[in-house]
Structures are given as structure tokens and as C-alpha cells.
Amino acid sequence: MRGRRNIAAAIGGWSARHRWLALLIWIAFVAVATVAGNAAGTVEMRGYESANGDSRQAERILDGAAFKDVAGEIVLVQSRTGTLTIADPAFRRAVEDVRKAVEATGQVEHVRTPYDKEPSPVTQDRRTTLVQFDMKGDGGTAEERIQPVLDAVARVQGAHPDLRVEEAGSASAGKLIGEAIDKDFVRAEQLSLPITIGILLAAFGALLAAIVPVALAMTAIFAATGLLAFTSRLLHVDSATSNVMLLIGLAVGVDYSLFYIMREREERARGRSKKRAIEIAAATSGRAVLISGITVIVAMAGMFLTGNGVFMGFAEGTILVVLTAVVGSLTVLPALLSLIGDKIDARLVHGVVRVVTGGRVTWRRVLGVRGGQSRVWGAIMRPVLRHPLVSVLLAGGLLVGLAIPAFQLKTGAQTIDDLQGDYQIAETFKRIDHAFPGGNEPAVVVVEAADVTTPAFTAKIEDFKRRALATGEANEPFTVAVNPAKTVAKISIGIKGTGADEVSEHAIRTLRDEVVPAALPGAHVTGNTAGSMDFNEQLGRRIPLVFAFVLLLAFVLLLVSFRSLVVAVKAIALNLLSVAAAYGVLVLVFQKGYGESLLGFHSTGTITNWLPLFLFVILFGLSMDYHVFILSRIREAYDKGMSTEDAVAFGIRSTAAVVTSAALIMVAVFATFATLSLLTFMQMGIGLAVAVLIDATIVRAVLLPATMKLLGDWNWYLPRWLGWLPRLSHGDDAAEEAPETPEERVPALV
């Protein structure tokens, strides 16, 4: 029997026996990875690496053309009542005051007004104009110098109440919006840890048992972030990768520790010695952690197949943090449990409850958990197993009903409308776009030549302008920038529409298919609208491949792990159903607008284009945590001689506490993202929270046991031609090989 002991049991046993060495190795690993990673620095992707198609080619040319990084700013000057025009003296004084005020800061250059030889844009009704200028110095750091300019424009506004004088631009947006979003993320991250510790404290009733999972998860995140600094030299990452790593690392790191600690405590409560309890936890929960971690990694790896730099960077970061969390759970956690011993069960909350109630009530009784099994979930399970068909029809019908709106899911690119809350600069951008359609989201045409400043080539650019404006789908402003080597021209031209609608997309197609080939052959078209179109086209081609990859490999892993064709197929079907239900909720809330007032947002009528794929990969991976953990416990009981029905009831009841605690943590942490200012992150937070909640309740507590009861022994069906698959143990194979002496046993803890 010893030959069947799994790798998790072997690693856990070694770690428990060499606890100080295991701890020192982990601490050294985390310290070296963190320090070395910080010294090396993470390499963020270049602009073109996040693009696709024609946009990527254009951005790559711009990246190598050595254009000066300039931060352009705009001041909107507009008649509030509609009575003043640019011909009125009061209007002209306001524009001139803006010029003088911004120039007086010493931070701007190239100021253009409607009264200059090369005038800035003016609307047809002559009641709205723009004052345009550039920030001096490097555009990448312009937001650090923009505040005096913003203050100067605000003073002009105060002196001219009859006019609207408002500033917007890359530097001001970077400062005002960037600071708001940064504060949002800091607040969300600061809330995550107290919430997690609070739920763990409630679940365990013990301070150490609450701190250890969080400490292990955080050290795994630190180490993985350090490792990312080195892997990012091979595959550059987006700046948001670290935020995604924190989100996933905290979720899986705490989950894995919960699985392990709960099982160890359960075995101690049964009277096992400390050594045997750790061995059993390593052989059972440790193995579930290993299978779950591999499944999550496989799901995350699916993002590599998108061919998009942002997704590939997310895959890189999440795989690193999950792998590190798995390694930490299998190695350092047994060492910690061996070192701390029963002190991890020193129950702060339990003690308070016992004192207050005079010893009549324990914290586990308050939670409805005694002897390692949940009475609450036991009560829910009884009618589910008594009426499995009704349970499947009711729960399945509910999820199918929630999933139906997903067929109406409509994606869209992120726009300024994604910014929720009272942000004046967002309103200014909208006013500018309304007055000068396409000005905020222009098409950018990039063309290379030996010399783009020759009269012949300049004539080609003028011909392009004439042809583009003649289509009726393009408009002013029209600007041309040339790189220092005079080999690349960057042409910006406004397009009709909002920049994210069918009108704007048709304008891009017209430029690409008709105007560019006729006037500037070989040129490439980029910009926000073109980039979004190319991204959607790339994703549309790759999504089937990603789905097939994730589902096929997950199926193979489950098939090998549980030697059951039915279990593998059903697990995937249930996961897909929970993901589809989450999509449906997203459509109802963020696309249809149900719950706008409750959550405090305004619907844009679309779901951010990258979110559905991201949610599928993340949710499919995370939901497998619970599924593998529960199925491992069910299979363990079945292998020990229980009937399928009894094994299902036992498995659900004995894992309910840990699954409920883990789910509550995930739901609470993900829900904090619903407080952010960007609608995209609100969608992500609500989508993740709803999916995890559905998965841990309706799917795991109703559909899983009910379908297993209906299928009976067919749950473990494996065709003969697959009999060569390895037999993996789900219990502790040495459990009966080393009987414990009376002195090794301890009194039951609960």
C-alpha cells in the first residue's frame, strides 16, 4: 500500500519531519525572490504589444520612430447660454485670458487659439472652440506638472461665469482620473485583508488559524511578484497584472490553507496524534490542493492562446502566483502545523463564547459545525438527497433562467463613460466629443517613407485628407506629426460617431478599405476605435480555441484524478452552467441596468470586451478548487466502503465549513471591486462574486449531490478501454498501517 502514497503526502511528511528546514527554505525563497525581483524590476509591455492586427503594425512603427512623447491638453471654451460666439469681445477676452494664464505657468508650449494664423477648431455655430497646447518636457511625466495649469484655467473660469472654461487632456486625465483609480485600488486592497482575516476568525474561532492562511497567501504573492520580474523579460506584462495576481493569489492561497488546516483539525478532533493528523491532511487535502492547483494553472494557460499581450501577461502572472501558493501549501504549511501544534486551535472567539455562555455553547455549535461536519448543510442535504430529481429541476431551472440573458451579451470597448462618479473632467471630455465628434477618439494613420516631408509625399497626405473628408465619415481636426528622422508620418483625423459605435467602426473600415489604399498605399490605421475592432476580431477567432483548450485539459485532469468519465463530464457541465449564470447576471445588471440605483452606476449598455473571456478562465479555474476538494472527500469515503449516497452526504457535510468560509472570503473580496470608479472593475467584481456564490451554494450544495444521487454507481463509470489510467488514492493509504498507541492519541477537541 505504501507504493500508492501520493506526492503531496510525501512532501507533507518530509516537511513535517524537517519543519525548521522547510520553514527556512520557504523564508529564504520568498526573501530572495522578493528582493531580487524588486532590484531587477518588472518589464512592462511596450504599447504595440497589447494591440492586434493592423493596429499592432501601426503601433510598432510608432514605437520605433522616436516620436517625442508629448502630452496634449485642451481647454473647452463654450457659451453657456448660446448667445455668445467667438466674434464677441467677451468670448475673445476669455480665450486670450486662457492663453495668458497657461503660458504664465511656464509649463506649456505651442498654444493655439481660434484667432491664430493656424486656428484651433471651432464649431459651425461659432459658440464653442478649443484652446490647444502641449505640456513641456516628457509627456510620460506631464501629470506631475499639470496642477498649476489646472489652477490657472480654474481662475479664468471664475472670471468668466457666462462661459464654460474647462480643461481636459492626457496629462490632466492621468492626474485626476489616475489618482482616483489608484485610491480606489488602495482602498479595495486595504479592505481585502481585514475582511479575509475577519471571516477566517469567524470560521476557525482561533487567531493563529486565521492569520496563517493570510500570511501564507501574502508570502506567496510577494514571491510570485518577485519571480514575475524575471519571467517578464521573456514575456512583457501589463501594469494591471500585479492587481490580478493579488486578487487570485489571495483567493487560492487562503483556499488551499483552509483545505489543509480544516482537515488537520478534523483529524485531531477525532483523537489522532499531531503527526498522524498532518500525514492524513497531506495525503488528502494536500493532494486535492495539488490537483486543484494544476487545474487552475491549466485554465489560466488558456489565455496564452489569445495572442493578446495583456491576456498573455495575465496568464503569466496568475500561473506564477497559483504555482507558488501550491508549493507553499504543500511544503511550509505542514511545517507550520507541526511547529505550532495545538496552539493553532487556541480559540480566541471560541473562548469568549464559552466564557459568556458558561461553557454551555461552543463557537462550532454557533456555526452549526460539530465533529468536522456542518449541521446546517446537513439539514439542506436531506431534502436534496430525498428528492434529487426535483432538486435538479429547481436548481438547474434557476441557473438556466439566469443564463438565458447571456445570449444577449453585447461587448464594447472601454470609454470615458466607464468612469462612474462625480468627475468633472469626464463631463468635459463628453462635451468636447459632442461638439467635435471624433476629436477625442481620432483615427491615426501611420505611414513610412524615405522622406515624408518631400513635396510629392506632402501632396499624397493632402490627397488622403481630401478623400477622407469627402466620404462624410471623417472630419476635422486633422493633424500631421513627423518623426525626427522624417521617415514616419502620424496623421490624426476625426471620425464620425462616438468612437465605440457602428458609425465609428464603419468609418475605420472605409479608411482602411478605400481611402488608404487609394491615397497612401502601405499605411496602417490605429487609434482607440481601430484598436478595439482589431482586438474584437482577434478574440473572436481565438475564443473557440481557448475554450476548447481549457475544457479538454480540465476533462483529462479530472478523468485521470477520479477515474470516472461521468465525474469529469459533469464537473465541466456544472462549471459551465455557473459561468453562464454569472454572464446572465452581468447582462441583467450592467447591460439592462437592473440595480443601477442600488450599486450606484449608470449602464453603458455593454460589457467590457475583454471581460467575458477573462471571467471564464478565472471562474473555471477557481470553481475547480471547490469541485476537486468536495469530490476528493466523496471519493475517499466511497473507497472506504460507503455507498454513493452516503459518501455524497458525508463529503458535502464534512467540506461545507471550509467551502462556505472560502466562498465568503472570495465573495467579500471580489465585491470590494464593485466600489471602484471604473465600470469595468465593477463588472469584474460583481461577475466574480456572483459566480463564486452560485458555485458554492446552488451548484455544490444542490446540483452536485442531487445529480450524484440520481446517477448512483454510474458516477464512477469508466470504460474498459480506459482501464490503463493510473489509480490515484484519495485517502491516506497508510492509515491502517501504523496503529496509534494510547499515549499518541489526544482527547477530542470538539
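These values consider heavy atoms only, across backbone and side chains, with no hydrogens, waters or symmetry-generated copies.
The backbone N or O of M533 sits nowhere less than 3.5 Å from a side-chain atom of N536 that would complete a donor-acceptor pair. Formation of a donor-acceptor pair under 3.5 Å by the T129 side chain with backbone atoms of V77 is not found in this model. In this structure, T241 contributes its side chain and D238 its backbone to a donor-acceptor pair below 3.5 Å.
Salt-bridge check for D63 with R46: passed, with a basic side-chain N closer than 4.0 Å to an acidic carboxylate O. Taking the charged nitrogens against the carboxylate oxygens, E537 and R541 do have a contact shorter than 4.0 Å, which makes a salt bridge. Salt bridge R99/E96: present, at least one basic N to carboxylate O contact under 4.0 Å. A salt bridge is absent between K68 and D134; no separation between the charged side-chain nitrogens and carboxylate oxygens falls under 4.0 Å. The residues R509 and E502 are annotated as salt-bridged, a charged nitrogen and a carboxylate oxygen being separated by less than 4.0 angstrom. A salt bridge does not link D534 to R56: none of the charged nitrogens lies less than 4.0 Å from a carboxylate oxygen.
Residue pairs that meet the ring pair (Phe, Tyr, Trp, His ring centres under 6.0 Å) test with at least one member in residues 493-548, sequence neighbours left out, are F547-F616.
In this structure, the side chains of T606 and Q591 stay at 4.5 Å or more apart for every pair of heavy atoms. Inter-residue side-chain proximity for Q408 and K592 is flagged as met; some heavy-atom pair is nearer than 4.5 Å. Proximity of I495 to P442: side-chain heavy atoms (C-beta onward) are nowhere separated by under 4.5 Å.
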* Evaluate the criterion salt bridge (Lys or Arg N to Asp or Glu O under 4.0 Å) for residue pair E118 and R112; output intermediate values, then yes/no. => CA-CA 7 Å; E118 294 184 6; R112 290 172 53 207; 5.3 Å; no

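Distance CH2/W610 to OG1/T411: 13.0 Å, rounded to 0.5 Å.
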Donor-acceptor list for residues 454-463 side chains, cut-off 3.5 Å, not counting sequence neighbours:
{"residue": "T454", "atom": "OG1", "partner": "F457", "partner atom": "N", "Å": "3.3"}
{"residue": "T458", "atom": "OG1", "partner": "T454", "partner atom": "O", "Å": "2.9"}
{"residue": "D463", "atom": "OD1", "partner": "R466", "partner atom": "NH2", "Å": "2.6"}
{"residue": "D463", "atom": "OD1", "partner": "R467", "partner atom": "NE", "Å": "3.4"}
{"residue": "D463", "atom": "OD2", "partner": "R467", "partner atom": "NE", "Å": "3.0"}

